[in-house]
Protein chains: 2
Amino acid sequence: MDGPVTLRRPQRADARRNYDALLAAARDAFAEKGADASLEDIAKRAGVGIGTLYRNFPARQDLFEAVYVEEINQLAAAAEAAASLPPWEALRVWLQRFVAYAVTKRAIIDLLNRDSEMFRSCRVVMYAAGEPLFARAQQAGEVRADASFDDVLRLVSGLTSAAFVDDAQRDRVLEFALDGIRATG
Amino acid sequence: MDGPVTLRRPQRADARRNYDALLAAARDAFAEKGADASLEDIAKRAGVGIGTLYRNFPARQDLFEAVYVEEINQLAAAAEAAASLPPWEALRVWLQRFVAYAVTKRAIIDLLNRDSEMFRSCRVVMYAAGEPLFARAQQAGEVRADASFDDVLRLVSGLTSAAFVDDAQRDRVLEFALDGIRATG
DNA sequence: TGCTAACCGGAGGCATACCTCCGCTAATCT
DNA sequence: AGATTAGCGGAGGTATGCCTCCGGTTAGCA
């Protein structure tokens with residue numbers, strides 16, 4: 001489960017339990033209520049006191065970031081798994097994963113916009129994961145030359161904030177977007 | 001300025017002034033801070049007391065809706081203006097307008113998702129404005145047959161929530177999206 | 001100009017969330 | 001088992017936003 005970016009977990013058994021429970025509860029809460037979910041609610045979900053939350057994550061930002069380190073690591077893993085596919089397929093699969101993933105954890109979009117120390121480094125990790133797939137597909141002539149990886153990410157990430165009628169529509173619309181960045185002719 | 005959907009404005013001169021100031025302030029505030037901007041802040045921006053806000057808009061929802069009636073009417077007007085262009089161009093221009101518009105007033109996206117009496121009717125107006133442009137372009141063979149207007153709107157509306165580096169990137173990415181829904185061959 | 005109904009606006013009560021502080025608990029070590 | 005000390009958790013102070021209520025003001029009319 002360890003990835004390119006890691007966090008320091010507490011030492012004692014009970015503390016570690018609480019830390020993990022908080023992280024899981026926070027992930028759920030952020031997914032459900034967005035980035036400004038109530039911290040008191042998160043503590044309750046995790047079954048710990050509010051004090052414990054603050055000891056582990058002194059600022060709201062710290063908790064938010066800790067959650068995204070996990071998410072990011074998983075996206076990086078997905079990129080590695082896709083690397084063995086043909087260029088276009090690899091990019092396509094990764095972007096699908098990106099969208100499907102971010103739909104449930106929608107706050108991940110903020111990652112592209114917000115600004116902070118760790119956000120920046122998370123972004124670096126994500127780009128390091130996806131950009132090679134993009135570059136390979138572009139060099140293979142499968143992706144139009146006038147698009148950048150950043151363009152693609154923003155085009156696709158928009159899809160995560162729309163509430164689709166069903167998964168079929170989401171997939172269909174994503175295919176449209178993919179067609180849009182595909183090399184013509 | 002009157003459009004398909006209208007609101008009742010107060011009678012007395014001072015009341016009307018305040019009403020308009022509130023609407024303008026709310027539009028700014030929603031654009032800036034999102035749909036849950038502080039009502040007290042909006043009243044302050046408008047230079048009126050909080051009581052005046054509540055007299056005009058008893059519930060937060062009322063104010064929010066009032067703002068969007070204006071936005072929607074403008075989008076409808078834009079559709080009318082675009083109707084004289086060739087099929088594809090008309091759709092393209094209208095969607096550009098939609099994106100450029102919604103970028104500054106980002107909360108308009110909620111319109112596609114949220115549910116309420118007036119939201120529904122606003123959505124009806126918006127669809128009534130844009131759908132004919134879409135249908136015409138599709139019948140002219142310019143838009144792929146397997147896309148619906150709803151698909152397109154969701155694809156494009158996603159672009160409004162991403163923070164682009166600059167307007168040029170936004171336009172470029174929108175072009176990618178448009179290419180994606182264009183008929184191939 | 002004077003009357004009066006319509007309108008104004010902010011004080012204040014209520015709810016919610018943030019965050020700190022510290023007495024109690026229990027994990028770990030010897 | 002007992003000592004040590006990291007860790008727990010919630011009471012409570014602070015801040016902020018929601019919304020109501022009503023004494024004072026003023027636009028519109030005659």
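What you see below is based on every heavy atom in this structure, not just the backbone, and it leaves out hydrogens, waters and symmetry mates. A, B, ... follow the sequence lines: proteins, then strands. Residue 1 opens every chain.
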State, yes or no, whether a side-chain contact exists between [X] and [Y] at a heavy-atom distance under 4.5 Å.
{"X": "B:Leu91", "Y": "B:Glu142", "value": "no"}
{"X": "A:Asp151", "Y": "B:Gln169", "value": "yes"}
{"X": "A:Leu178", "Y": "A:Trp88", "value": "yes"}

Checklist entry - Would you say D:dC8 has OP1 or OP2 under 4.0 Å from some side-chain N or O of A:Arg55? => result yes
Contact class for [X] (heavy atom, under 4.0 Å): base, sugar-phosphate, or nothing?
{"X": "B:Leu39", "answer": "sugar-phosphate"}
{"X": "B:Asn18", "answer": "sugar-phosphate"}
{"X": "A:Ser38", "answer": "sugar-phosphate"}

To the nearest Å, give me how far apart [atom1] ([X]) and [atom2] ([N]) are.
{"X": "A:Leu63", "N": "C:dC18", "atom1": "CG", "atom2": "C1'", "value": "14 Å"}
{"X": "B:Arg16", "N": "C:dC8", "atom1": "CZ", "atom2": "C1'", "value": "16 Å"}
{"X": "B:Asn56", "N": "C:dA6", "atom1": "CG", "atom2": "P", "value": "15 Å"}
{"X": "A:Tyr19", "N": "D:dG7", "atom1": "OH", "atom2": "P", "value": "13 Å"}
{"X": "B:Phe64", "N": "D:dC18", "atom1": "CZ", "atom2": "P", "value": "14 Å"}
{"X": "B:Leu22", "N": "C:dC7", "atom1": "CG", "atom2": "P", "value": "14 Å"}
{"X": "A:Asp62", "N": "C:dC19", "atom1": "CG", "atom2": "P", "value": "11 Å"}
{"X": "A:Gln61", "N": "C:dC18", "atom1": "CD", "atom2": "C1'", "value": "15 Å"}

Checklist entry - Want to settle it: does B:Gly51 or A:Gly51 sit nearer the 5' end of DNA chain D, counting the closest nucleotide to each? => result A:Gly51
Checklist entry - Mapping B:Asp14 and B:Arg60 onto DNA chain D by nearest heavy atom, which one lands closer to the 5' end? => result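 On the 5' side of the pair lies B:Arg60.
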What nucleotide, of [options], holds the atom closest to the side chain of [X]?
{"X": "A:Tyr54", "options": "D:dG28, D:dG9, C:dC18", "result": "C:dC18"}
{"X": "B:Ile50", "options": "C:dA27, C:dG10, D:dG7", "result": "C:dG10"}
{"X": "A:Arg12", "options": "C:dC7, C:dA27, D:dG9", "result": "C:dA27"}
{"X": "B:Glu40", "options": "C:dT20, D:dC19, D:dA27", "result": "D:dC19"}

Checklist entry - Would you call the rings of A:Phe134 and A:Phe149 parallel, tilted or perpendicular, where under 30° means parallel and over 60° means perpendicular? => result tilted
Item to check | Spatial distance of atom NZ (A:Lys44) from atom CD (A:Glu40) [nearest 0.5 Å] | outcome: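 It comes to 7.5 Å.
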